Every structure is written in structure tokens, then in C-alpha cells.
Chemist: 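Here's a structure for you.
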Number of protein chains: 2
Amino acid sequence: MSKDRGRRASRRGSGRPTIADVAKLAGVAAITVSRALRDPSLVSAELRAQIDTAVVQLGYAPDPNARALASSRADVIGVLVPSLTNIVFADTVRGIYDELGESPLQIQMGNTHYSPREEERLVRMFLSQRPSALIVSGIDQTQTTRKLLETAGCPVVQIMEHGDDPVDMLIGFSHFEGGKMATNHLLEAGYRRIGFIGARMDPRSQRRLAGYRWSLEEAQLFDPRLVTTTLTPSSVSLGGQLLADTLAKAHDLDAVFCNNDDLAMGVLFECQRAAIAVPHRMGICGFNDLDMMRVAYPPLTSVRTPRYEIGRRSVQMVLDRLANRPVSPSIIDLGFELQARESTMR
Amino acid sequence: MSKDRGRRASRRGSGRPTIADVAKLAGVAAITVSRALRDPSLVSAELRAQIDTAVVQLGYAPDPNARALASSRADVIGVLVPSLTNIVFADTVRGIYDELGESPLQIQMGNTHYSPREEERLVRMFLSQRPSALIVSGIDQTQTTRKLLETAGCPVVQIMEHGDDPVDMLIGFSHFEGGKMATNHLLEAGYRRIGFIGARMDPRSQRRLAGYRWSLEEAQLFDPRLVTTTLTPSSVSLGGQLLADTLAKAHDLDAVFCNNDDLAMGVLFECQRAAIAVPHRMGICGFNDLDMMRVAYPPLTSVRTPRYEIGRRSVQMVLDRLANRPVSPSIIDLGFELQARESTMR
DNA sequence: TTGTAGGCGTTATCAA
DNA sequence: TTGATAACGCCTACAA
């Protein structure tokens, strides 16, 4: 007697209402409910109303896993970033989430820890879910990763950089040009012994360094002793150290282009500590233009980068592609903007 | 003729090898492959070897969606945080990812934007996937959210705070005690007109403020004009403004407890700008103890909080529970630590 | 516009 | 320890 309540007193099930329950209550076939939910325009207004009522009444919510299994496509966008705490990527990821809003698309995030091998592992892992799209950081994937992405069968956006040979779509800016612009600015301000300090030295940092070098070589002012880099992750405290290291090699250093704003802040504090006048005896230029640069004492020059915007636009590109809308250019250079402030006004 | 290659020339399929392909190659039943993959000890060594060979040969990878559908359980941990860019949560999320390592468990992250209603929406959304566990920030869920969590049917960890009535498990520290400790430190250092500046004023900020107030009232030194708060998100630039606002109300202000380190940094810059001597004319204490506090000029006192550790330990709690290991205490207070530095050495 | 039939890839149930 | 069978909940293909 206890076994015949409901049509099957058998074994499994989540207990939650299914599409069949909704269909029964609305007096239609399950497939009609499915259609009404995915694209209401496929179903007559009358049935749509009945279905909506039934959905609300039962508190029905589709099972994303069943949907993914049946359609061979998960409502998931895989996002791969090298770091979760680096403000650059945190801002970008925020843009991604914000642009997605209440879309049914989910984010599956992976932290590659700046390792191409880890990135490859994660791409494989993500691909096994047949995501709707993939957003990956940078353009320096391994050969294998690149091949995987090319045959992923879903939109792929590479973010943060600029280049002419993306896997599919690309949005970001040129770090080489960014490094060049910062360095040129320091040159124009009258500095001559311009150093570069950099931490982590991932591919983007390398390109900024290349831009710096290109600029100084053009001015015939390049000197390897002016450059101090480390693989250590970036931090404010590291900035001070790297400044000290550079000064030890080049006593007449009169400005530094810092790989990012944290380092620049560390340089500023170190200058205050050592009583080195900024900007007169030492010019400081950062990269990214975090809020604090504007209010530091003195205010610090930096290169403003469109991190948040990259996140939003990358999702727009994905959504356009998924909706079969044309993705105007599939390579977008968002550029950057130099914010000149007191720290480089000699 | 073209229709009879393969056993079904029908319609769908991902093209990837399935468990049936592995089973056929290994000469066993599909369910045996399933078992061998999930728990090798359930299968004889002999078959296990055959299966492993077949898996490698075919490059087989299980379909997570099919698995989730059949088992009514997704290998997903839902994580809800109020912000992705606030370093506090970014560090915690990093801890979560790091502790998970190469576990097959995936993170599904949701950004509540400090909104309990948005949190509720996301909890519903996550629950529809039947996650293996849920990690949520704070203890101030709506009634409905709390009910949803209590009946979630999976482990639930509330993080970042301390309290005695968690939904299930809880790990964090007491923000009230943190506020009290910072304020007591300033009192002991000899400051008397101690202000509080706070941004965002989420529940945790409120509790730190309550701790501050409790401490000053005990010393009979509380004065509402010493407190300046705003709902605006925190930033370095805001710190300077809030200091100025507070000074306008209380000219004899001689120290500030800042709700977080960004504000404290802004206060420091504002003091430099206005030539207010730190720590003699103004003591500064922050909260969280970011790296930059240690190297600021002068170094800034702060309360070190175990953000990263909270992330790791919360995952450990989840994994213990999922493995049916006993979760020693299900409420863990990780505490915090005052880092006294020059900015409060009058 | 709506419905029928059957499969997506895996695991739970029960039997051997 | 192993296997046959039937779900899991939804969607594609095709037909009406």
C-alpha cells in the first residue's frame, strides 16, 4: 500500500517537480513546456499562460544537468585567469559577472596560477563539460592548449592583450605600447636615467618591459643596469626593495617605470623613507592606475587600463556569437590612457 | 549506405568516447567501469587493469553532466561572496581554490553584491544544481535563505564571522572583538579622541563599529561626532575624505580606527598632505593588515585577519563532511592579531 | 504550433 | 565481485 502512492514508488529522483509534472498540470506535452521555457515565441499565448501558471504553482525549476546532457551543451562559460587576487583580473572577472547579470549562463572559473601547464589541464577539464564559451587570459597558451581551443566547438575569447592571431576572438590592449607610452612620458618629462622594475614577469610584464626597452633604445638611453626584475609575485613591499636594488646598480637613477601600481606605491614609500624627493630627484610611473594613485602624496602617474571594460565586452562578444549576432570586429583593442600626475612633473 | 557505419547512424552524441566504449574495449559491463573509476576497491585488480588500459587508450573522460543527472549530485561547491574585488574575499576565494587543488570538485561562484536578496536568488539558483556543498559569506541571510540552506541537503559553511547559531558549520572570527581590540590599543597608546571611519558598512563593518563603540563607552570617551560612516564602497581616496569630514566635526580628533586598510592608507596620505604628524598628532589603525601597511611611511598599525586561512579551512570542513569524517568543531573561531606599528606609537 | 519516440551518458537497484 | 535493467530530466529529430 505504501508503494502505490504516485505512479512509481520506486527509487530515485530528487523529489522536485519535473517538466513532466508541469506538462501534466498544464495539460500539454512535456516538449511544449520545454519550448515555452526556452523560447516563449514558439508556443501559443494560450498554452504559454497555462504553462506559466503551472510552473509557478509547482515552483518548477529546470535541472541544468539534465538540460546539459540532453542538449550536449552546458549553460556555462569557462573563465581562466592566472590569479584571483591580482586586482587586474579581479576587476576583469567582476566585469564578466556584472555583464552576465541575471543571465542563466553560469561562470566556471579556473585559476591557472600563471602556469601554462595548469591552464592546459583546466582547458581540458572545462571542455569536458562542453561549455557554451571559453574566456582565457592572454595569448601565450601552449601548442596543445591552442589546438584544444581551436577545436573546442564553442566561442573562445582571449582577453587582456592585443595581437593579430587570436584563436577566435580577442579583446584587450597592447602591453608593449603601454610600456612604450609610459617610458616616452618619462623621457618627455626630462628624465634620462629611467629604470624599470618588475615583479612576477608574466608575458604581459615582459611585453611592457620590451616597450620600455624599445623606447629607451630609440633615445639611446638604454642601460641594462637600469632594469631590475624578479619572478616573485608583486607587492607594495617588493617595490621598495626593487628600487633599492636598482639604485645600488645605478646611483644616478632619476625615474622608474613600475610594472604595476603596487610596486610604484612601494617605491614612493621607499623614497619618503630615504628622503628622496619625488618628482625632483625621482620620477615614478605606475601601471593600471588604481584609485590610490590619484590620492597618494604626491599623486602618482600611471597608465589607466580598461580592465573592467575588458570583462564586460568579452561577455558581450560571447553573447553576440551565441545569439548568432555578428561580432563586429573579432579583435578589439581597447587601448589605455596615460594619467600624468605630480610624480613625474620634474 | 552512408547510414550504416557505426551501430547507429542516428543523430546525436558528442563524438567523445563513452563509458560504453570503454566497457566494450575492456570486455566488461558499463557499470563495472563506472565502479572502477569511482572506487577502484570495488573491482578486482584484474578488471581494473583492463579498464585502466581501455580508458587511457580511448582518452575517456566521464561526462560530469551525465554523472550529475544520474546521481542527483553535482561535483560542485557553490561559493557566495559579496564582492570579487574586495581583497578580503579575493584572498578567501584564493584559499578555497588552493585547498581544492586538483580535486574533481568545481567551484561555482556567485557575487551577491552585498545584497541579501541577490544572495537569496543565487542560493536558489545554486541549489537547483544540487551542489555537493555550499559556502556562504556571513551570518546575515534572509529568513528565506536560511530556510533554504537548512534544507539544502548538503554541507553548508558560513564564513568570515563568528557566532553561536550557524546553519550548519561556521568559520571566521568576531568582528566585534576586532573592533574592540583596535580601539583598546589606541586607548592604551594614549589617544583620547579616537574616531571611527567606515565605508560600505556591511554587517561586518557594523560589528566592528559596535566593538569600537563598546570600548569607548567603557572608557567614557564615546562621542558620536567622532564617527563618520558612509554606504559608499571603500577606497583609498575615500579615506582622506572621511578623515576631513571627521576633523570638521571634531577638531581635537587625535586618532582614527579605520574600517579597513584602504581607508587607513587614504588617511595617511591626507595627513601627509595636510602636514598632520603621524603618529604624534594623529594615530592611525587599519583593519586586515594588507602587505602595504608594513611598508608605508610610517608603517601603519592594523588588525591581521585570517582571510586565506578561512578559505582553506572552510573547504577542509566540506571535504571532511563529504568523506564522512568527523568535523571536529563545527564552529571555528580563527581569531585575529593586532600588528602594532609606528602609526600608533605616540 | 504541437506532439511522439527515443536517446544523451551515467549510476541506483536488484539479482546472480 | 559483477552484470542486466531501468531510471535521472530534458531535448533533438521527425511527424502531424
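In what follows, chains are A, B, ... by sequence order, proteins preceding strands, each numbered from 1. As the structure is a computational prediction, the values presented were derived from the model and not from experiment. Just so it is clear, the values below take in all heavy atoms, side chains as well, and ignore hydrogens, waters and symmetry mates.
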Chemist: Can you name the nearest heavy-atom pair linking A:N65 to B:A74, along with the distance?
Modeler: OD1-CB, 4.3 Å
Chemist: Looking at side-chain heavy atoms only, is the closest gap between B:I96 and B:S314 below 4.5 Å?
Modeler: yes
Chemist: Go through it in stages, so that I can follow the logic: the residues are B:L25 and B:D21, the test is side chain to side chain contact (heavy atoms under 4.5 Å, CB included), and I'd like the CA-CA distance, side-chain angles, deciding distance and then a yes or no.
Modeler: CA-CA 6 Å; B:L25 185 59; B:D21 298 324; over 6 Å; no
Chemist: Quick check on contacts: within residues 25-39 of chain B, what sits under 4.0 Å from DNA chain C by heavy-atom distance?
Modeler: B:I31, B:S34, B:R38
Chemist: Return the value, rounded to whole Å, for the distance between atom CG of A:L69 and atom C1' of C:dT10.
Modeler: 8 Å
Chemist: Return each pair, listed once, that meets salt bridge (Lys or Arg N to Asp or Glu O under 4.0 Å) where at least one residue sits in residues 36-50 of chain B; pairs must be two or more places apart or across chains.
Modeler: none
Chemist: How many Å lie between CG on B:N65 and P on D:dA7, as a whole number?
Modeler: 22 Å
Chemist: By a strict heavy-atom criterion of less than 4.0 Å, which residues belonging to residues 47-64 of chain B are in contact with DNA chain C?
Modeler: B:Y60, B:P62, B:D63
Chemist: Identify every side-chain donor-acceptor pair in residues 164-171 of chain B under 3.5 Å, counting partners at least two apart or on other chains, and give the distances.
Modeler:
{"unit_1": "B:D168", "atom_1": "OD1", "unit_2": "B:R321", "atom_2": "NH2", "d": "2.7"}
{"unit_1": "B:D168", "atom_1": "OD2", "unit_2": "B:V156", "atom_2": "N", "d": "2.9"}
{"unit_1": "B:D168", "atom_1": "OD2", "unit_2": "B:R321", "atom_2": "NH1", "d": "3.3"}

Chemist: Scan residues 55-77 of chain B for pairs that pass salt bridge (Lys or Arg N to Asp or Glu O under 4.0 Å), counting only residues two or more places apart or in two chains.
Modeler: A:R130-B:D63
Chemist: Do you know the tightest heavy-atom contact between B:Y308 and B:G95?
Modeler: CE1-CA, 3.4 Å
Chemist: Would you kindly compare B:L42 and A:I19 by the position of their nearest DNA chain D nucleotide and give the one closer to the 5′ end?
Modeler: B:L42
Chemist: As a test of reading the structure: which of C:dA12, C:dT2, C:dG9 is closest to the side chain of B:T18, going by heavy atoms?
Modeler: C:dG9
Chemist: Could you pull out all residues at least two apart from A:R124 that satisfy salt bridge (Lys or Arg N to Asp or Glu O under 4.0 Å)?
Modeler: A:E120
Chemist: Is the phosphate of D:dT2 approached by B:S44 (side-chain N or O, under 4.0 Å from OP1 or OP2)?
Modeler: yes
Chemist: In whole angstroms, how far is the P atom of C:dG3 from the NZ atom of A:K24?
Modeler: 15 Å
